[in-house]
Amino acid sequence: MKIHLITLLCTFAIVSCSQSSPREDEEEEITAVADQFVKNYFNFNLKESCKFCTTESVIWLKFIASNMSTDDIKTLKAQKEEASCKATKVKIINDTMAVARYTVYNYLRIDTLGKAGEITDRACYDITLVKRLGKWRIRMEGPLQNEKRNLD
């Protein structure tokens, strides 16, 4: 009887340790949504980016699109490589809010109206996500800005 109990407890411990935690699953879901958004946003596929945003965030994507100049579009077309990104940290604030930090490479930075954007080698951005109806979505309160906040 003791051997069966020990075997059962060992099996339970192994199975428990091998399964991913709900927090890890949540981080994977957050990263998957944020990856798609960031990739599209920084390559100016703004219509595609809308699919990953809250309804109230779409206005900021429309704002960005409406303020792109002819020079910005020429710069994008002349760009040899598309922008790329890498998630460097995900912080779950609570069960309905998270922040994902991304390093973005080789992207067109437009930060001043009336001035042509320029290709930037590298910058960090914090992307805020909220959970709505069981799905993680990007929440924007304005165009994304290069961040240097501490996520800890």
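Here the structure is a predicted model, which is why all the values come from computation and not from measurement.
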(request) For Tyr107, enumerate each residue passing the ring pair (Phe, Tyr, Trp, His ring centres under 6.0 Å) test, keeping only those at least two apart in sequence or located in another chain. (result)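 Scan of Tyr107 (ring pair (Phe, Tyr, Trp, His ring centres under 6.0 Å), adjacent residues dropped) gives Phe42, Tyr125.
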(request) Not counting sequence neighbours, which residues clear ring pair (Phe, Tyr, Trp, His ring centres under 6.0 Å) with Phe44? List them please. (result)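 Phe44 satisfies ring pair (Phe, Tyr, Trp, His ring centres under 6.0 Å) with no residue once adjacent residues are dropped.
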For the atom pair [atom1] ([X]) and [atom2] ([Y]), what is the distance rounded to the nearest 0.5 Å?
X	Y	atom1	atom2	result
Thr120	Leu108	OG1	CG	7.5 Å
Glu27	Ile92	CD	CD1	4.5 Å
Arg122	Asn146	CZ	CG	10.5 Å
Asp35	Glu28	CG	CD	11.5 Å
Arg101	Thr88	CZ	OG1	6.0 Å
Trp136	Leu129	CH2	CG	7.0 Å

Looking only at heavy atoms, what is the nearest atom pair of [X] and [Y], with distance?
X	Y	result
Ala87	Thr31	CB-CG2, 4.2 Å
Trp60	Pro143	CE3-CD, 3.6 Å
Cys53	Met140	SG-SD, 4.4 Å
Phe52	Gln36	CZ-CB, 3.4 Å
Leu144	Phe37	CD1-CE2, 3.8 Å

(message) So does Leu61 get a backbone contact from the side chain of Tyr41, meaning a donor-acceptor N/O pair under 3.5 Å?
(response)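 Checking the backbone N and O of Leu61 against the side chain of Tyr41, no donor-acceptor pair under 3.5 Å is found.
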(request) Answer yes or no: are there more than 12 heavy-atom neighbours, outside Ile59 itself, under 6.0 Å from its atom CD1? (result)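 No - once you tally the heavy atoms of other residues, nucleotides and ligands closer than 6.0 Å, there are 12 at most.
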(message) Please check if the number of heavy atoms outside Asn94 that lie under 6.0 Å from its CG is greater than 12.
(response)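 Counting other residues, nucleotides and ligands, CG of Asn94 exceeds 12 neighbours.
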(message) Within the structure provided, determine whether Leu46 and Ile64 are in side-chain contact (heavy-atom separation under 4.5 Å).
(response)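 SC-SC contact between Leu46 and Ile64 confirmed.
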(message) Quick check on the hydrophobic clustering: are Tyr105 and Ile119 connected, directly or via other members, by side-chain heavy-atom contacts under 4.5 Å?
(response)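 Different hydrophobic clusters.
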(request) Identify the residue among Ile127, Thr103, Asn43 that makes a side-chain contact (heavy atoms from CB on, under 4.5 Å) with Val38. (result)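 Going through Ile127, Thr103, Asn43 one by one, the side-chain contact (heavy atoms from CB on, under 4.5 Å) with Val38 is satisfied by Ile127 alone.
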(message) Using the salt bridge (Lys or Arg N to Asp or Glu O under 4.0 Å) criterion, which residues pair with Glu141? Sequence neighbours excluded.
(response)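 Glu141: salt bridge (Lys or Arg N to Asp or Glu O under 4.0 Å) contacts with Arg139.
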(message) Going by salt bridge (Lys or Arg N to Asp or Glu O under 4.0 Å), name the residues that satisfy it together with Lys131, two or more places apart in sequence or in a different chain.
(response)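 Expected list: Glu26.
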(request) May I have all residue pairs that pass side-chain hydrogen bond (donor to acceptor under 3.5 Å, both in side chains) and include part of residues 71-86, sequence neighbours excluded? (result)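 Every pair satisfying side-chain hydrogen bond (donor to acceptor under 3.5 Å, both in side chains) with a residue in residues 71-86: Ser69-Asp72.
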(message) List the residues meeting side-chain contact (heavy atoms from CB on, under 4.5 Å) with Glu48, not counting sequence neighbours, and say none if there are none.
(response)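 side-chain contact (heavy atoms from CB on, under 4.5 Å) check on Glu48 returns Asn40, Asn45, Lys51.
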